[in-house]
Amino acid sequence: MLDMKYIRENLDETERSLRTRGGESYLGGFRDLDERRRTLLKEGETLKALRNTVSDEIGRTKDKSLVQDKIVEMREVSQKIKGLDEELNQVDDQLNSFLLTVPNIPHATTPVGISENDNVLVRSWGEPVTLPFKAMAHWDLGEDLGILDFERGAKITGARFTLYRGAGARLERALINFMLDLHGDAHGYQEVLPPFMVNRDSMQGTGQLPKFEDDLFKLVDPDFFMIPTAEVPVTNIHRGEILKKSDLPISYCAYTPCFRREAGSYGKDTRGLIRQHQFNKVELVKFVHPSESDAALETLTGHAEKILQLLKLPYRVMALCSGDIGFSAAKTYDLEVWLPGQSCYREISSCSTFGDFQARRASIRFREDEKAKPEFVHTLNGSGLAVGRTLVAILENYQQEDGSVLIPEVLRPYMGGMERISRL
RNA sequence: GGAGAGAUGGCCGAGUAGGUCGAAGGCGCUCGCCUGCUAAGCGAGUAUACUGGGAAACCGGUAUCCAGGGUUCGAAUCCCUGUCUCUCCGCCA
């Protein structure tokens, strides 16, 4: 959520920045609502002040017969107040739901552009593997090796659900442990294991609601949602809190499954593990002092990259353009891993800074010093990494001509020493 | 799922025949004084949001005693609904 006062004072400039995202108009109607609100507020508060002083007088007067006329008068005032309050509530609701649908202002360094074609290559690591034989796609490899069972997954639940078996299941678990260990031990993140369902307030705090309810799996009876990413429960750990400056930066890493409707992506990536309704992810989340957030995005992205480097998977880093960044993000780097089976780079991590956008929605603050007013922290997060897609990348990059798949060395201790997955 | 208890300021904790309660008291914290030994004492201060004025320091208004409604001239205090926490019973990984 953007700061109402900031919008009020920088309306044109804000509108201009927002339009680099590609929409037509973002702030139309704001000025009228805002002015209406302040007028109502002033009127109501003046009457309330009157009522307070007169009621005080009434209270002080022992002989109530002396103040009958005032009681009658105040009865009317109260009626008026009630009317004004009702109208104010409506305007407040309108203004609020309006503000909740306005996306974040792109960071000054976010490249301006319309679509993913305008994303900017920042750097690349490793050479895209060219295999001396015809590379297989991971879905064929996985089925041949008996470690991915797409048919059973579809039977148990439906399309975009997969059953992992044997070494496949273990490899997924190995990756989760490897990632958590690295981020926890080497990168200084505290591991957390949050709830996988969250309430409406949490979804609103990180920006999934109210705008993107269709992308979420929703429970019917308690008004809960399955998390689409650990970003939601983990960022909301500190919702409504005022942190100490000395607590910052706070760094969490979390493994969770993620649940996404993938509405609107029918027919896209229908084969294999790339786009599932349920997938595993290790997420990195940071709460930082505003002055640190730019640097924090770089280090956080580096932490995600480290996983790919240790797994020796070639990748590149893309700076997303203004038209491609998410609703809540100010700036985003995508990590894209090379997939020989498909001869292309595919997103495997997305690292973003949100500035104070989420912190304002979720009211996460800190004090510069004991007496200072609370200020909003900055929040960041990034996948470190999407586990299913990492498994895909391993299968495709480490495949051998005989159909077996070598296990990256760093994962072998997590696989009971196994060096290779072969056909049974 | 059944029965009961409770939710007050950073923390603890008063406050139920409605008014003088933004809220006693204690702790913690900040500043000052005193004192000279790792302490005690004394004094002052110590919530948040919105809003008006001011260049600013700051001053004023309104709201907030879990949340949302209601009664009333007036509610932390009365009524209704919801949420959460705790205890007991049942069930259960």
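Chain letters run A, B, ... following the sequence lines, proteins first, then strands; residues in each count from 1. In what follows, every heavy atom counts, from backbone to side chain, and hydrogens, waters and symmetry copies are set aside.
Across A/D269 and A/R160, no two heavy atoms sit closer than the pair O-NH1, 3.3 Å. Of all heavy-atom pairs spanning A/P233 and A/P194, the tightest one is CB-CB, 3.6 Å.
For the OP1/OP2 pair of B/rU48 and a distance below 4.0 Å, the side-chain nitrogens and oxygens of A/R367 include at least one atom meeting the criterion.
RNA chain B lies under 4.0 Å from at least one heavy atom of each of the following residues of residues 78-92 of chain A: A/S78, A/K82. Near RNA chain B, defined here as any heavy-atom distance below 4.0 Å, the residues from residues 36-56 of chain A are A/R37, A/R38, A/L41, A/E45, A/K48, A/A49, A/R51, A/N52, A/S55, listed numerically.
The residue A/K62 sits apart from the nucleic acid: no heavy atom pair falls under 4.0 Å. Heavy atoms of A/R360 sit nowhere under 4.0 angstrom from any nucleic acid atom.
Separation of the P atoms belonging to B/rA17 and B/rG6 is 16 Å when rounded to the nearest angstrom. When the P atom is compared between B/rC84 and B/rG32, the two are found 47 Å apart, to the nearest whole Å. Using atom P as the reference point in both B/rG70 and B/rG13, the two lie 33 Å apart (nearest Å). For the P atoms, the distance from B/rA40 to B/rU77 is 39 Å, rounded to whole Å. B/rC80 and B/rU71 are spaced 11 Å apart, taking the C1' atom of each and rounding to whole Å. Separation of the P atoms belonging to B/rC66 and B/rC11 is 13 Å when rounded to the nearest angstrom. B/rG18 and B/rG26 have their P atoms separated by 28 Å, with the value rounded to a whole Å. For B/rC27 and B/rU83, the P atoms lie 39 Å apart once the distance is rounded to whole Å.
The CG atom of A/D201 sits 11 Å away from the C1' atom of B/rU83 (whole-angstrom rounding). The nearest whole Å value for the distance from the CZ atom in A/R60 to the P atom in B/rG18 is 19 Å. Taking atom CD of A/E241 as the reference point, atom C1' of B/rA49 lies 18 Å away to the nearest angstrom. Across the protein-nucleic acid pair, A/I58 atom CD1 and B/rG18 atom P stand 17 Å apart, rounded to whole Å. Rounded to an integer number of Å, the gap from A/D34 CG to B/rC50 P is 12 Å. Regarding A/K5, its NZ atom lies at a distance of 9 Å from the C1' atom of B/rU51, rounded to whole Å. Atoms CG (A/D63) and C1' (B/rC73) sit 16 Å apart, rounded to a whole Å. Atom CG in A/L33 sits roughly 17 Å away from atom C1' in B/rC50 (whole-Å rounding).
No side-chain donor-acceptor contact under 3.5 Å links A/E231 and A/T206. Remark: the A/S422 side chain and the A/S404 side chain contain no N/O donor-acceptor pair separated by less than 3.5 Å. Neither side chain, A/H289 nor A/E292, offers a donor N or O lying under 3.5 Å from an acceptor on the other. With hydrogens and angles left out, the side-chain atoms of A/Y333 and A/E298 include a donor and acceptor closer than 3.5 Å. Using modelled atom types and a 3.5 Å distance limit, the side chains of A/Y255 and A/E191 yield no donor-acceptor pair. Side-chain contact annotation: A/S202 with A/N199, donor-acceptor N/O pair under 3.5 Å present. Inspection of the A/S350 and A/D334 side chains reveals an N or O donor paired with an N or O acceptor under 3.5 Å.
For the pair A/K312 and A/P408, the minimum side-chain heavy-atom distance is 4.5 Å or more.
You'll find the ring centres of A/F357 and A/F327 inside the 6.0 Å limit.
For A/R8, the listed nucleotide lying nearest its side chain is B/rU51; candidates were B/rU51, B/rA49, B/rC73.
Exactly one of A/H238, A/R361, A/Q358 qualifies for a side-chain hydrogen bond (donor to acceptor under 3.5 Å, both in side chains) with A/T379. That residue is A/Q358.
The aromatic rings of A/H187 and A/Y189 sit perpendicular to each other, their planes meeting at more than 60°, with 30° as the lower class boundary.
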- Which dot-bracket notation, 5' to 3', represents the base pairing of RNA chain B when pairs are defined as Watson-Crick or G-U with both distances under 3.5 Å, crossing pairs as [ ], and inter-strand pairs as |? ((((((((.[[[..)...(.....]]]((((((.......))))))(((((((....))))))).[[[[[..)....]]]]])))))))....

